Structure formats: C-alpha cells, structure tokens
There are 2 protein chains.
Amino acid sequence: MSEAKRVESRPYHHGDLRRALVDAARRLLEAEGPSALSLRAVAREAGVSPAAPYHHFKDKAELLDAVAHEGWEILGAQMSEAKSGATGPDQLTALGIAYVCFARDNPALYRVMYDAARDKEDLPGDMQDNKESAYCMVRDTMIENGADPSQDGHLELASVAAWCGAHGLAEMAGFRQFDHLKEELGGERPFLEAVLNHMGLFPKAHDGC
Amino acid sequence: MSEAKRVESRPYHHGDLRRALVDAARRLLEAEGPSALSLRAVAREAGVSPAAPYHHFKDKAELLDAVAHEGWEILGAQMSEAKSGATGPDQLTALGIAYVCFARDNPALYRVMYDAARDKEDLPGDMQDNKESAYCMVRDTMIENGADPSQDGHLELASVAAWCGAHGLAEMAGFRQFDHLKEELGGERPFLEAVLNHMGLFPKAHDGC
DNA sequence: ATCCTATCTGAGCATCGTTCAAATAAGAAA
DNA sequence: TTTCTTATTTGAACGATGCTCAGATAGGAT
C-alpha cells in the first residue's frame, strides 16, 4: 500500500534501507498481524526486491530480532515513564500496569518480542542489558522500595514471579472469555489492575497508562 | 522415519487416517519442534499423499486444533490426578505444579495449544467445557476450599490470576537465564514451587509431579 | 456383478525463505 | 573528469509450503 519515505539523506541506493525495512515490518505487523509478516512482504512494502533485505539481515529471524529490539526499547521507555510518574511502592504497580498495557496496545509486536526468544531458549538481551531495560527496572525498583539485595535469591525470585504474572496476564488479557469480567469491573484498566493486585506482586494501582 | 501402524480395523483405504495424522503430528512435534510441523511433513510421516489430510481436516489449523484438543485432554487428566493426590488447600498447589510440569515436559505441545487460541482470540473450548477441563478444575477446587461462589467476581478473579501466574511461569521456566536460580534453589521442581508460592495464589507445595 | 460414495493420488498454483550471478550506483583514486 | 572499486540492488532460480481439483481407487450396499 504505502510507499517508503524517501526524504532523508540517501547515502546509497535506497538511503538507509535497513531502517526502512524495520519500519515496513512494523507497519505490516500492526496492520496485518504477525502471520502476514513475510520477508517478501516486508521488501514489497519497502518498495524493494525480495533479495535486497539479505544485504542488511542474514535471516528473516535477524530482521525480526531488529523489530523485537525496538519493541523492547519502546517498552522500556514506557515503563520508565510510568515509574517516574509514581512514588514508593506504587512504582511497582505502575511498572506492572505499563507492561501489560504495552502488550495490550501492541499485541503483534509483543508476540514477536517473545517468539524470537522462545526459539533460542534465551531471554532477549534487550530485556536485561542496561538499567533502562524492562527486567532490570523491576528489579531495581524492588530494591529501592525495601527489598534486600544481599538476600539475592529472594529478590530475584520476586522479580521472576512479578515478571511471570505480568506476562501471563498480558497474554491472557486479549481473550474474549474475560470480556464479561472486564465489564463487571468497569473496563479493561480496572480488570488489569484487579488481577495484578490479586497476584500480590504489585501492591496497589493508581497511575495512568 | 517411522511408519504409521496398520494393525487395527481398516474400514477404508487407510484405516483411521484422521487418527494416524494426529499421531504423526504429535510424533513430529515432539521430535522436531513446532516449526517442523508442516502439513506435508505430517502426511509424509503418516505415509500418505500431501492432499490426503484435506479429507479429514479442512485446514492445517484444524489439524492443529485436533492436536491441541488432545493436549488439553492430557493436561486435564494430569491435573485431575494431581488433585486427587492431595487434600485441602494443597490441592490448589498440586494443580498449579501439575500445570507447569505439563508445560515443561511438553513444550511444543503446550505452544500449539495456545497458538491456535491466540489466533482466534478465544480460549480453547477444551479448557473450560467440562468438569474435567483444566480451568474448571481450578475454579471448582477454589470453591471446595472455601471460596464463595456467590461472590462470583472475586472467585473468577482468583481463578484468572492463578491461571495467568501459572501460564506466565510455564512460558518463562524454559529460559536459560533462570538456570542459576534453579540450581540455587535445589532443582527445577523447587524453583517452580518457589515462584508459585511467591505469587500467593497456590498456598503450599508438597506433592509429586 | 453394479453402482455409489468416501477416500486417496498426482499434478498444479501461488507464496514463501534463500542463494547467486549479474547489473547498478556511490565514493575514492587517477 | 574519467576510471576503478566496492557496497548495494536486482532477477532468476531452487526447494518447500498450504491448498485446490480432476481423476483414480476401493469399500459397502444394492
């Protein structure tokens, strides 16, 4: 449908084709879902031949890795913002809510982020590499709010439990079977908060998404 | 590799080809992982032409549905057995552990079970259709152990929270990043129990897998 | 023995991921 | 400027996939 934008500097034939391909992939992902994300379709969307992507990514998997990488960056940014909008233990809730809302608003991207990881049996590095990464933020926030870093096992256990709970909810929240529960609780937000609260990992919930 | 067994009654050309196809699919799934599960490969494994499956399943998706259906049956049976091996609130823990252990022992099958559902945004009927279904067992066990069925929202909330926690853990437990935590806690079993316990949804943990 | 119908095959179509030799264009060297 | 070099892109091709369809085949009933 849409053409790749050709406004910026064009150092080579196509400008920054790598960039254009990742953008095209994300556009397709949002518009058509993960099943429509073929390498050929991405090339088509970027206005380029099916073989062109192979000079920027060794694999289809490597392209998806790049897309997933951006996903983790966006998630990290949104969680960081959510955290700074709250204080004390509420920060943990804010992180949880931000995580689940990200998954709700970008379901296809969220799937790509974990699919790549599942095949490798390795959590994506983007998730835990730097202080702005999603997992580390949860961990650090727990420490800031009284968890004992020296009692390392317990802290990590708490982080893992919180992560599992949030991920589970993120994957379940999309199913229609929970629509009536959402209505009953006054909308999707309250539903998400209620489940997170019930898990006891995220103390309370107040802030915006 | 292996040939389809041709021992039972053979009412038509191939006997019960539908059965043979589902078996072949599960064999491939276990041996080669979900990505190797093509319709053609299943037909090949069953010793039949690529077009044959279409007389028993309208789709590849419908074949996967059948595989997933069996997965839910097995999961239900294992959870039922785990429940009957415990009493009181321990039953809930037993259910949780059984759920996660099933996912650990059949990762490929577990993925197929949810992949089909995700695409439809509908939880698989097999999960909640009958009293032996996995979700209903959790719900019923909660009622049996003191939850108030009249306060319906809260009960369902508790079930959903437990399900999310178990599912999240089931998907995370396979990642290598948690290997050191597992060791530290004395193996995979203790790790799973510790996380479930930490979520506070499954009171205690004692029974076998 | 004949017919009917469910079952299976073989060939074919569009698409996919991937590779590779050849074409092209950008920047450096002359 | 002209030439050379190299990164970038293309076009054609291969094997594999999901799926369709006309025709072959074989049970079971008549």
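A quick note: this is a predicted structure, and the numbers were derived from the prediction, not measured. Residue numbering restarts at 1 for every chain, and letters A, B, ... go by the order of the sequence lines.
- Following rounding to the nearest Å, Arg44(B) (CZ) and dG15(D) (P) show an atom-to-atom distance of 14 Å.
- Per the geometry, NE2 belonging to His56(A) stands 8 Å off C1' belonging to dT9(D), to the nearest Å.
- Scanning both residues, Glu132(A) and Met137(A), for their nearest heavy atoms gives O-SD, 3.8 Å.
- In this model, the phosphate group of dC16(C) is not approached by any side-chain N or O of Arg40(B) to a distance below 4.0 Å at OP1 or OP2.
- In this structure, Leu63(A) places its CG atom 15 Å from C1' of dC16(C), rounding to the nearest Å.
- Heavy-atom nearest nucleotides on DNA chain C were determined for Ala52(B) and for Ala51(A), and the one closer to the 5' end corresponds to Ala52(B).
- For the pair Asp16(B) CG and dG27(D) P, the interatomic distance rounds to 15 Å; values are reported in whole Å.
- For the pair Leu39(B) CG and dC16(C) P, the computed distance is 18 Å after rounding to whole Å.
- Phosphate contact (OP1/OP2 of dC16(C), side-chain N/O of Ser38(A), threshold under 4.0 Å): present.
- Between Phe102(B) and Tyr110(B), the ring planes are perpendicular. Angles over 60° get that label, and only those under 30° would be called parallel.
- Donor-acceptor pairing under 3.5 Å, judged by distance alone, is absent between the side chain of His55(A) and the base of dT8(D).
- A straight line from CD of Glu62(B) to C1' of dC19(D) spans 14 Å, rounded to a whole angstrom.
- Closest contact between the side chain of Leu17(A) and the listed nucleotides dC8(C), dC19(D), dT9(D) involves dT9(D).
- Atom pair Phe57(B):CZ and dC19(D):P shows a separation of 13 Å (rounding to whole Å applied).
- Nearest heavy atoms, Ser49(B) versus Ala43(B): O-CB, 3.5 Å.
- Using bins of under 30°, 30° to 60° and over 60° for the plane-to-plane angle, the ring pair His167(B)/His167(A) lands in the parallel bin.
- Across the protein-nucleic acid pair, Lys58(B) atom NZ and dG18(D) atom C1' stand 13 Å apart, rounded to whole Å.
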